[in-house]
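Notes for the one structure printed next.
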Amino acid sequence: MRNKEVAEKFYELAKMAELAGDNPFKVRAYLEAARRIENLTVPIEELATEDKLTQINGIGTSIAEKIKQYLREGKIDKLEELKKKIPETLLEIEKIPGMGAKRAKVLYEKLGIKTINDLKHAAERGLIRTLPGFGEKTEKKILEGLNSMKDKTVDRVLLGIALPLAEGITEKLRKNSPVKKILICGSIRRMRETIGDIDILVTSEKPEKVMDAFVKLPEVKEILVKGDTKTSILTFENLQVDLRVVEPDSFGAAIQYFTGSRQHNIHLRELAIKKGLKINEYGVFDLGTNKKIAGETEESVYEALGLQWIPPEMREDRGEIELAEKHELPELVELSDIKGDLHMHTVYSDGINTIEEMANEAMKMGYQYIVISDHAKALGIANGLSIERYKEQKKKIEELNKKLKPFKIFLGAELNILSDGSLDFPDKELGIFDICLAGIHTAMNQSEEKITERIKKAVSNKYVKIIVHPTGRILNGRQNYNVNVDALFNEAKKYGKVFEINSSPERLDLSDLNAKKAKEQYGLKLSIDTDAHSVDSLLNIRYGVGVARRAWLTKEDIINTMDLNEFEKFLKRSKK
DNA sequence: GCCGTTTTCGGCCCGACTGTTTTCAGTCG
């Protein structure tokens, strides 16, 4: 599947066209096309061969031709032409805060500036301020921007870091300042896997007191801006937090606006215009009379546009607005639907808590069952278990099950898919497990063909039910290994196998788009598991549920929403 | 370059902020 690759090309094309000063609407069309391609769950090659590209909203004959040319020849004529006209290195200059395409173009045309280095020299010699539309301050800002760019390493942090941080802040504000309503918005509310900055919205009768309390929080490393309606601070993680105070009758419109996504909001505003309305962060207004018709609650904003309220996790302009118009939004899976966790480790392998401790925490969370799935022997580094050790574990579990009834613990294993696709143990040994999970932990550098074949072999194994962290990615860490997920999903469909959404914040694997594809294109079931190595990390389940909701999954799509009774029947069925 | 229960031509999201300007362009989210 080459969707990502093709989308990247169109992002590049949009950037270059913008630098070249092309019609802004043409630039927008390229951007829109890139986004649409990125969000597809079917391979773009398929649509190209079947001549269905123009069925995608935002892709017409001209862009369709460019896609076909790229797939065929690995290049797009238009992009090659642009590169002859404009040096690609100008894209670097655009990354400096305050520098956009227009200014980059002026710098190139008037001073011949092509690279960051050229720019630095020109700014240091005071040449920038002589340009039309530039001044002393802009020149200074450029130099500052060049310096700050250097110490910026990672620009997005994991949801698993940002969400607890934001919750800590809102909790303290709620206790220590006169806030009425308070809500975390932005990409956190949409449960995106990584977060650029934190947006918190409040209503209050004494905004200045809220702002004072905010800047005095222990999380604050630096105050960036402090005003009556907006204050921004930097935390010690170098994460920017914006706190905004809004009027109570605009709270709904404001949280809608600041939750985004940008594309979702643009689409909503276009829809509003068609209906003779205007929408902004203050409310929904009648274009004719300029009278406000909604804004106090988020529901009222969507309703004014004739839409169902859309869950934040769906707000990416991937077709959710069209569904909301028809009142056909899916009922997304919820945290409270999860009845058990199927993937966790204990002191038997590399976990830090005992089976009983894990079970107790799970019961506290309201679960009806768990699967203990410690590592198997091939993963020596994680103290992987031999069959004998699993048999000991089985005895222990049987004892606990008597004690903890009606709660139930199942014996599982996280088997290793070895470099040739075989597992830690021969099939005849696997009968002792209630359920087998399998995943790749070694030899991740193999070719796509090899890795795909390896996992396919595990999928077809009679005893393996769930493939864990299927693409192996580590967010802000390592790339996923090369694997053809379509081939895996196809194989899983044949054998009725399940793929995991791993809730560990640095994995979230499958990703939202892959999980969406698994359901929509292959009709697969998924599991949402934590891969917990301690009682605390069992709580990570909410991140996995977030991914599932972003993938538009319902309760029925997730196997561990079954109650204990159904789940036992499910295990029996799959053993046949 | 795309798109159409007001359009096949003439539109194409909204507001805040900054710095450069005497009314606005560029950038950002």
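On a predicted model such as this, the values are computed, not experimentally measured, just so you know. Throughout, a chain's letter reflects where its sequence line sits, starting with A, and its residues are numbered from 1.
Not one side-chain nitrogen or oxygen of A:N57 sits closer than 4.0 Å to the OP1 or OP2 atom of B:dC2. Here A:K278 reaches the OP1 or OP2 of B:dG15: one of its side-chain N or O atoms lies under 4.0 Å away. When the side-chain nitrogen and oxygen atoms of A:T61 are compared with OP1 and OP2 of B:dG1, none of them lie within a distance under 4.0 Å.
Nearest nucleotide to the A:F25 side chain, out of B:dC12, B:dG19, B:dC14: B:dC12. Here the nucleotide nearest the side chain of A:Y282, chosen from B:dG1, B:dG15, B:dG29, is B:dG15. Nearest to the side chain of A:N280, among B:dC14, B:dG29, B:dC12, sits B:dC14. Closest to the side chain of A:K137, from the set B:dT20, B:dC2, B:dC12, is B:dT20. Here the side chain of A:K102 is nearest to one of B:dC12, B:dG26, B:dG15, namely B:dG26. For A:E281, the listed nucleotide lying nearest its side chain is B:dG15; candidates were B:dG15, B:dG19, B:dG1.
Both A:E136 and A:A101 lie near DNA chain B, and the one whose nearest nucleotide falls closer to the 5' end is A:E136. Residues A:G135 and A:G60 both approach DNA chain B. Their nearest nucleotides, taken by heavy-atom distance, put A:G60 toward the 5′ side.
Taking 4.5 Å as the limit, every side-chain heavy atom of A:E303 sits out of range of all side-chain heavy atoms of A:W309.
In this structure, CZ of A:F134 is placed 8 Å from P of B:dT27, rounded to the nearest angstrom. Remark: C1' of B:dG4 and NZ of A:K275 are 16 Å apart, rounded to the nearest angstrom. Rounded to an integer number of Å, the gap from CZ of A:R190 to P of B:dG29 is 14 Å. To the nearest angstrom, C1' of B:dG1 lies 15 Å from CD1 of A:I56. Atom pair A:K66:NZ and B:dG1:C1' shows a separation of 8 Å (rounding to whole Å applied). Rounded to whole Å, atom P of B:dG26 lies 13 Å from atom CD of A:E94. Rounding to whole angstrom units, CZ of residue A:R244 and P of B:dG29 are separated by 11 Å. Residue A:I273 contributes atom CD1, which lies 8 Å from atom C1' of B:dC12 at whole-angstrom precision.
With hydrogens and angles left out, the side chain of A:R103 and the base of B:dG26 share no donor-acceptor pair within 3.5 Å. One donor-acceptor pair, N or O on each side, does fall under 3.5 Å between the base of B:dG29 and the side chain of A:Y257. On a pure distance criterion of 3.5 Å, no polar donor-acceptor pair joins the side chain of A:D197 and the base of B:dG29.
What you find for A:P330 and A:T554 is that their closest heavy atoms are CB-CG2, 4.1 Å. Among all heavy-atom pairs drawn from A:I501 and A:A515, the shortest one is CD1-CB, 4.0 Å. A:V241 and A:T235 make their closest contact through CG2-CG2, 3.7 Å (heavy atoms, listed as atom of the first residue, atom of the second, distance). Smallest separation of non-hydrogen atoms from A:P248 and A:T203: CA-CG2, 3.9 Å.
In this structure, A:I279 reaches the sugar-phosphate backbone alone: every heavy-atom distance under 4.0 Å involves primed, P, OP1 or OP2 atoms, never a base. Within the 4.0 angstrom heavy-atom criterion, only backbone atoms of the sugar-phosphate kind lie near A:I63; the bases stay farther away. Contact annotation for A:P132: no contact, since no heavy-atom pair falls under 4.0 Å across all strands.
When the P atom is compared between B:dT22 and B:dG26, the two are found 14 Å apart, to the nearest whole Å. Across B:dC14 and B:dC9, the matching P atoms stand 25 Å from one another, rounded to whole Å.
Side-chain polar atoms of A:Y11 and A:E38 form a donor-acceptor pair below 3.5 angstrom. A:D22 and A:Y30 are not linked by any side-chain donor-acceptor pair at a separation below 3.5 angstrom, with hydrogens and angles left out of the test. Side-chain contact of A:D317 with A:H267: a donor-acceptor pair under 3.5 Å is present, judged by distance alone. For the residue pair A:D509 and A:T471, a side-chain donor N or O sits within less than 3.5 Å of a side-chain acceptor on the partner. Defined by atom type and a distance below 3.5 Å, a donor-acceptor pair is missing between the side-chain atoms of A:T41 and A:K519.
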Practice task
Let me see the working for A:K110 and A:T130 under side-chain contact (heavy atoms from CB on, under 4.5 Å), right down to the final yes or no.
Solution key: CA-CA 10 Å; A:K110 301 278 180 188; A:T130 64; over 6 Å; no
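The stretch residues 298-314 of chain A has no heavy atom under 4.0 Å from DNA chain B, so no residue of it qualifies as close. Shown for residues 29-41 of chain A: residues whose heavy atoms fall under 4.0 angstrom of DNA chain B, namely A:A29, A:Y30.
The partner of B:dT8 is absent, by the rule that a Watson-Crick or G-U pair needs both atom distances under 3.5 Å.
Applying the side-chain hydrogen bond (donor to acceptor under 3.5 Å, both in side chains) rule to A:R550 yields the partners A:E316, A:D512; only residues at least two apart in sequence or on another chain are considered.
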